[in-house]
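Reviewing the structure listed below.
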Number of protein chains: 2
Amino acid sequence: MKNNIKVQRAIHNLTQQDLADRISVSRQTINALEAGKYVPSTVLALKLAKLFDKTVNEIFELEAED
Amino acid sequence: MKNNIKVQRAIHNLTQQDLADRISVSRQTINALEAGKYVPSTVLALKLAKLFDKTVNEIFELEAED
DNA sequence: CCAATAAGTAAAACAAACTTTACATTTTGT
DNA sequence: ACAAAATGTAAAGTTTGTTTTACTTATTGG
């Protein structure tokens with residue numbers, strides 16, 4: 001699964017720390033997410049989508065290996 | 001977080017086992033999801049959405065306590 | 001150039017998702 | 001009513017998300 005969190009974050013001009021604070025996770029979680037190191041929970045995905053005013057599907061996309 | 005998986009499943013006329021097989025999880029995972037016992041991964045949410053031809057946001061919804 | 005801020009990374013610990021097995025209860029079709 | 005299928009539930013175990021701490025490497029602004 002891939003995501004465009006880094007782009008959304010740039011559009012909204014937020015640091016990883018800013019974003020982490022907004023959705024109540026650690027900065028490392030944001031960093032690891034952007035690096036594609038793991039798959040977040042659906043609650044986290046919904047929170048990110050809400051903050052960015054996008055649907056979850058606009059931010060996250062399934063890949064072949066999923 | 002709440003979801004309407006049970007409704008979608010009814011619309012598509014699938015048993016919990018059918019659905020579990022389609023997205024490669026155990027039947028208990030489907031059962032627990034419908035019962036709101038836990039929050040699925042975003043990959044699982046995307047797979048469900050794809051199967052039901054809906055967006056993740058149409059199936060899952062944040063609640064106050066999230 | 002220097003200092004501050006932001007980002008990358010890693011390991012240990014903890015919390016939560018998910019599986020497996022197993023059994024009980026409910027629903028459905030005949 | 002009976003049998004079969006579907007659903008509910010639960011406990012133990014494995015895997016994976018997430019936090020915390022900490023240190024290093026970029027990037028930015030003055």
Side-chain angles (χ1 to χ4, degrees):
Chain A
M1 194 195 59
K2 61 180 182 173
N3 69 71
N4 59 19
I5 295 172
K6 195 166 186 172
V7 172
Q8 297 300 325
R9 191 166 60 76
I11 291 172
H12 291 262
N13 198 34
L14 296 170
T15 68
Q16 291 183 343
Q17 185 67 68
D18 288 338
L19 179 51
D21 292 345
R22 295 285 204 101
I23 63 178
S24 303
V25 294
S26 70
R27 182 181 66 80
Q28 283 74 359
T29 293
I30 299 299
N31 189 286
L33 277 179
E34 291 188 356
K37 289 210 180 143
Y38 59 73
V39 173
S41 74
T42 299
V43 163
L44 221 169
L46 286 168
K47 284 183 178 176
L48 285 165
K50 186 178 181 183
L51 183 60
F52 293 145
D53 196 29
K54 296 275 179 185
T55 65
V56 169
N57 296 73
E58 286 172 326
I59 298 177
F60 296 90
E61 192 179 352
L62 284 176
E63 291 180 294
E65 69 266 29
D66 298 321
Chain B
M1 195 195 60
K2 61 178 182 175
N3 70 72
N4 58 20
I5 294 171
K6 195 166 187 173
V7 172
Q8 297 300 325
R9 191 166 60 77
I11 291 173
H12 292 262
N13 197 33
L14 297 170
T15 68
Q16 292 183 344
Q17 187 67 67
D18 288 338
L19 179 51
D21 291 345
R22 294 283 205 104
I23 62 178
S24 303
V25 295
S26 70
R27 181 180 67 82
Q28 283 75 359
T29 292
I30 299 299
N31 189 286
L33 278 179
E34 290 188 357
K37 290 210 180 143
Y38 60 74
V39 174
S41 74
T42 299
V43 163
L44 221 167
L46 286 168
K47 284 183 179 178
L48 285 165
K50 186 178 181 183
L51 184 60
F52 293 146
D53 196 29
K54 296 275 180 185
T55 65
V56 169
N57 296 75
E58 286 172 324
I59 297 177
F60 296 91
E61 191 178 353
L62 284 176
E63 292 181 293
E65 68 266 29
D66 300 320

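Proteins get letters first, then strands, A, B, ... in listed order; numbering begins at 1 in each.
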Nearest heavy atom decides the nucleotide; on that basis, is A/Ala32 or B/Leu33 closer to the 5' end of DNA chain C? A/Ala32
Selected nucleotide, minimal atom distance to [X] side chain, candidates [options]:
| X | options | result |
| --- | --- | --- |
| A/Arg9 | C/dT20, D/dT18, C/dA7 | C/dA7 |
| B/Gln16 | C/dA17, D/dT20, D/dG8 | D/dG8 |
| B/Lys37 | D/dG17, D/dA10, C/dT20 | D/dA10 |

Return the value, rounded to whole Å, for the distance between atom [atom1] of [X] and atom [atom2] of [N].
| X | N | atom1 | atom2 | value |
| --- | --- | --- | --- | --- |
| A/His12 | C/dA6 | NE2 | P | 18 Å |
| B/Ile23 | C/dT19 | CD1 | C1' | 14 Å |
| A/Asp21 | D/dT20 | CG | P | 12 Å |
| B/Leu48 | C/dA17 | CG | C1' | 14 Å |
| A/Tyr38 | C/dA10 | OH | P | 14 Å |
| A/Glu34 | C/dG8 | CD | P | 7 Å |
| B/Leu14 | D/dA5 | CG | C1' | 15 Å |
| A/Leu19 | C/dG8 | CG | C1' | 16 Å |

Which part of the nucleic acid, if any, lies within contact of A/Ser24, taking any heavy atom under 4.0 Å across all strands shown: a base, the sugar-phosphate backbone alone, or nothing? sugar-phosphate
Please work out if B/Thr15 contacts a base, only the sugar-phosphate, or nothing of the nucleic acid, heavy-atom cut-off 4.0 Å. sugar-phosphate
So, OP1 or OP2 of [N]: does either fall under 4.0 Å of a side-chain N or O from [X]?
| X | N | result |
| --- | --- | --- |
| B/Gln17 | D/dT7 | no |
| B/Asn31 | D/dG8 | yes |
| A/Lys6 | C/dA6 | no |
| A/Arg27 | D/dT21 | no |
| B/Thr29 | C/dT19 | yes |
| B/Gln28 | D/dT7 | no |
| A/Ser41 | D/dT18 | yes |

[X] vs [Y] side-chain heavy atoms within contact, under 4.5 Å:
| X | Y | result |
| --- | --- | --- |
| A/Leu19 | A/Leu48 | yes |
| A/Leu46 | A/Val43 | no |
| A/Thr29 | A/Leu44 | yes |
| B/Thr42 | B/Val56 | no |

If every non-hydrogen atom of A/Ala49 is compared with every non-hydrogen atom of A/Thr55, which pair is closest and at what distance? CB-C, 3.8 Å
